[in-house]
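See below for the structure under consideration.
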Amino acid sequence: SQTIHQWPATLVQPVGSPLSLECTVEGTSNPNLYWYRQAAGRGLQLLFYSVGIGQISSEVPQNLSASRPQDRQFILSSKKLLLSDSGFYLCAWSATGSNEKLFFGSGTQLSVL
Amino acid sequence: GQSLEQPSEVTAVEGAIVQINCTYQTSGFYGLSWYQQHDGGAPTFLSYNALDGLEETGRFSSFLSRSDSYGYLLLQELQMKDSASYFCAVRAPDSNYQLIWGAGTKLIIKP
């Protein structure tokens, strides 16, 4: 069966510090991968998605970046965090051609202070 | 522009039936998905409608009317564990086929 791992669960970082969130998927090949952000009590904002290794599409211009160094690994990074980067970050995967059905990781609650 | 509208909050009684509506405005449409998210948790997929009509999965059903740009999620025999936020999301060609999300409906269930 397929599983998705996302870590850490919570993170408190000072303004201006770097960020690296990692997500890995098991039990499937060539998944579509996604990074979402959710503000408290709000909907989901798509940040990045990837249909293959090294292929990253950015939906929202910001100081975040994403990379996909391996087929089932997706990394969200920032060189210098802003206060506005605080939020709940969710990694997700879907099967190729089936992106109406996303499977989410457990999320990372990021607080930038 | 592209937008989805759903009520911000719905209250119902345990054991009752509740309907959560979603209207969408997109340039093109492939289908409507529904997700459930408990507080502090991740969204989980509930259903997907690409064609008009009702899809039933246990206590949950989802309906779509493409001509009305409208869908709803129907929850029957409500249980306390159904207290969560419910999101509708549209898959459309003008969003590079990625999901466009509604802001979510918080379902409050009273005993």
Side-chain angles (χ1 to χ4, degrees), chain A residues 1-11 21 23 25 28 31-52 55-60 66 74 87-111, chain B residues 2-9 20 22 24 26 28-51 55 57 60 62 64 66 71 73 83-108:
Chain A
S1 63
Q2 301 91 0
T3 56
I4 178 168
H5 303 279
Q6 182 183 346
W7 66 93
T10 59
L11 191 58
L21 300 180
C23 172
V25 179
T28 187
N32 294 333
L33 296 173
Y34 309 83
W35 278 111
Y36 279 91
R37 178 169 60 200
Q38 186 176 32
R42 303 293 296 275
L44 282 78
Q45 179 187 34
L46 179 62
L47 301 176
F48 301 95
Y49 68 94
S50 172
V51 299
Q55 301 178 61
I56 310 294
S57 296
S58 174
E59 291 295 301
V60 182
F74 207 23
F88 191 45
Y89 287 81
L90 290 154
C91 181
W93 75 273
S94 70
T96 302
S98 183
N99 59 353
E100 73 281 357
K101 186 174 182 178
L102 303 182
F103 299 91
F104 286 86
S106 54
T108 296
Q109 185 64 54
L110 173 65
S111 298
Chain B
Q2 305 169 96
S3 65
L4 280 78
E5 296 213 4
Q6 53 181 130
S8 59
E9 189 176 290
I20 299 174
C22 175
Y24 58 88
T26 58
F29 175 86
Y30 278 109
L32 181 68
S33 298
W34 287 93
Y35 288 78
Q36 177 192 62
Q37 184 180 30
H38 288 98
D39 284 347
T44 56
F45 174 83
L46 293 176
S47 67
Y48 176 68
N49 294 67
L51 303 175
E55 297 276 347
T57 309
F60 292 6
S62 56
L64 175 66
R66 296 173 66 119
L73 181 69
S83 296
S85 291
Y86 293 84
F87 293 88
C88 58
V90 165
R91 184 180 176 213
D94 56 344
S95 62
N96 294 320
Y97 306 100
Q98 304 308 318
L99 291 178
I100 306 164
W101 294 79
T105 298
K106 187 174 180 65
L107 175 60
I108 299 170

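Small disclaimer: the values here were computed from a predicted structure and weren't measured. Convention: sequence-line order gives letters A, B, ...; per-chain numbering from 1.
- Side-chain contact of Q6(B) with T105(B): a donor-acceptor pair under 3.5 Å is present, judged by distance alone.
- The most heavy-atom pairs under 4.5 Å with chain B, out of Q6(A), Q38(A), Q109(A), come from Q38(A).
- Heavy atoms from other residues, nucleotides or ligands lying under 6.0 Å from CD of E5(B) number 12 at most.
- Of the two parts of F103(A), neither the backbone nor the side chain holds a non-hydrogen atom closer than 4.5 Å to a non-hydrogen atom of chain B.
- Put simply, of P43(B), G41(B), S33(B), the one with the most heavy-atom pairs under 4.5 Å next to chain A is P43(B).
- Between Y35(B) and F104(A), the ring planes lie perpendicular to each other; the angle is over 60°, past the 30° to 60° tilted range.
- Only the side chain of L90(A) comes within contact range of chain B, with at least one heavy atom under 4.5 Å from a heavy atom of that chain.
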From CA spacing to verdict: side-chain contact (heavy atoms from CB on, under 4.5 Å), L46(A), L99(B): CA-CA 8 Å; L46(A) 179 62; L99(B) 291 178; over 6 Å; no
